[in-house]
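Worksheet for the structure shown next.
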Amino acid sequence: GVLRSTYGDGVRIGVDDVEPFLGEAGGVPPWDFTDAIDAGQTAKSLTMLARMMHGGDRHPLQIMAILHGNYAKLARLDGADARNEQEAAETMGIKPGFPAKKALANYRRLGGDGVRRAIALLAKADLDLRGDSDLGNELLMEVLVARLSRLGRR
């Protein structure tokens with residue numbers, strides 16, 4: 001491919017030679033990942049997961065922490081009856097602004113049942129990653145991300 005046409009055949013190349021061709025393989029901002037999941041973009045979510053795990057050297061438990069943080073915010077909104085961004089921000093203990101607005105919109109899309117389902121999926125995956133399952137970590141994470149991305153679909 002590109003590397004062969006650049007360096008030729010049989011040439012030993014190192015990480016520094018390859019890096020310019022990788023782009024931001026592992027550089028997936030966590031919010032881009034959770035936004036794709038929240039938007040129900042399963043294929044995009046799975047691509048980002050793979051980039052984070054392979055290119056970004058993120059351990060599945062680090063990715064779980066990102067996901068847990070996302071849904072824990074939404075869980076705080078459950079039963080709070082926040083009517084606007086300001087009330088949502090107060091309930092979640094964050095500053096008003098785009099993250100509060102986005103969380104409120106996600107909560108409204110998922111509803112309490114969807115948020116509880118997400119938390120249950122995360123809890124199960126956490127146990128599976130810690131040895132409750134014979135499936136590999138990568139497959140466990142793919143299944144989790146696919147399921148989470150489908151929660152908001154009506």
Side-chain angles (χ1 to χ4, degrees), residues 1-3 6 13-78 80 82 84-130 133 135-154:
V2 174
L3 293 175
T6 305
I13 54 176
V15 173
D16 293 341
D17 300 315
V18 178
E19 264 178 338
F21 297 96
L22 294 178
E24 289 296 307
V28 176
W31 54 88
D32 284 354
F33 177 55
T34 55
D35 285 354
I37 292 170
D38 294 339
Q41 298 171 321
T42 305
K44 184 176 180 182
S45 302
L46 291 171
T47 299
M48 289 182 160
L49 172 68
R51 284 171 57 185
M52 290 167 79
M53 287 177 58
H54 299 291
D57 284 334
R58 285 190 200 242
H59 188 277
L61 293 176
Q62 289 176 297
I63 297 169
M64 286 289 292
I66 292 167
L67 294 170
H68 191 271
N70 188 50
Y71 290 100
K73 274 194 302 207
L74 300 184
R76 286 190 207 105
L77 291 174
D78 197 20
N84 56 46
E85 179 189 317
Q86 181 70 41
E87 291 177 6
E90 286 169 16
T91 301
M92 291 183 291
I94 63 175
K95 290 189 193 108
F98 184 69
K101 188 176 174 178
K102 187 166 67 171
L104 184 58
N106 282 333
Y107 180 78
R108 287 178 174 156
R109 186 179 47 78
L110 287 172
D113 288 342
V115 172
R116 284 187 287 279
R117 179 87 185 109
I119 298 291
L121 287 169
L122 286 166
K124 172 86 173 83
D126 189 59
L127 292 173
D128 288 344
L129 287 168
R130 293 173 193 275
S133 172
L135 297 176
N137 286 355
E138 192 164 352
L139 183 57
L140 289 168
M141 291 303 293
E142 288 171 354
V143 169
L144 172 65
V145 167
R147 287 178 174 161
L148 289 173
S149 74
R150 292 186 178 122
L151 283 177
R153 294 191 181 158
R154 298 262 181 261

If you compare all heavy atoms of [X] against all heavy atoms of [Y], which two are closest, and at what distance to 0.1 Å?
{"X": "H68", "Y": "L122", "value": "CA-CD1, 3.9 Å"}
{"X": "S133", "Y": "L140", "value": "OG-CD2, 3.8 Å"}
{"X": "F33", "Y": "M48", "value": "CA-SD, 3.6 Å"}
{"X": "R58", "Y": "I66", "value": "NH1-CD1, 3.5 Å"}
{"X": "L144", "Y": "A125", "value": "CD2-CB, 3.8 Å"}
{"X": "A100", "Y": "M92", "value": "CA-CE, 3.7 Å"}

### Task
Would you please test D128 and L135 for side-chain contact (heavy atoms from CB on, under 4.5 Å) and show each step?
CA-CA 8 Å; D128 288 344; L135 297 176; over 6 Å; no
Nearest 0.5 Å please: distance from the [atom1] atom of [X] over to the [atom2] atom of [Y].
{"X": "D32", "Y": "R51", "atom1": "CG", "atom2": "CZ", "value": "9.0 Å"}
{"X": "M53", "Y": "H59", "atom1": "CE", "atom2": "NE2", "value": "8.5 Å"}
{"X": "L77", "Y": "T91", "atom1": "CG", "atom2": "OG1", "value": "6.0 Å"}
{"X": "L104", "Y": "K73", "atom1": "CG", "atom2": "NZ", "value": "12.0 Å"}
{"X": "K95", "Y": "Q86", "atom1": "NZ", "atom2": "CD", "value": "13.0 Å"}

### Message
Take a 6.0 Å sphere around NZ of K101 and say whether it holds more than 12 heavy atoms from other residues, nucleotides or ligands.
### Response
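No, NZ of K101 has 12 or fewer neighbouring heavy atoms, counting only those of other groups under 6.0 Å.
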### Message
Please determine whether the number of non-hydrogen atoms from other residues, nucleotides or ligands lying under 6.0 Å from atom CZ of R116 exceeds 12.
### Response
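Enclosed: over 12 neighbouring heavy atoms sit under 6.0 Å from CZ of R116.
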Quick one: are [X] and [Y] in side-chain contact, heavy atoms under 4.5 Å?
{"X": "N70", "Y": "D38", "value": "yes"}
{"X": "I63", "Y": "P60", "value": "no"}
{"X": "L74", "Y": "D78", "value": "no"}
{"X": "Q62", "Y": "M52", "value": "no"}
{"X": "L61", "Y": "D126", "value": "yes"}
{"X": "R109", "Y": "N106", "value": "yes"}
{"X": "L121", "Y": "Y71", "value": "no"}
{"X": "H54", "Y": "E138", "value": "yes"}

### Query
Is R117 salt-bridged to D113, cutoff N-O under 4.0 Å?
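Answer for the salt bridge query: no.
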### Note: D35-K102 ion pair, threshold 4.0 Å (strictly below)
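Counted as a salt bridge, because a side-chain N and a carboxylate O are separated by less than 4.0 Å.
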### Query
Is there a donor-acceptor pair closer than 3.5 Å between any side-chain N or O of E85 and the backbone N or O of G97?
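A pair under 3.5 Å: yes.
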### Message
Test your reading of the model: is there a side-chain donor-acceptor pair from S45 to the backbone of I37, 3.5 Å cut-off?
### Response
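Side chain of S45 to backbone of I37: a pair is present.
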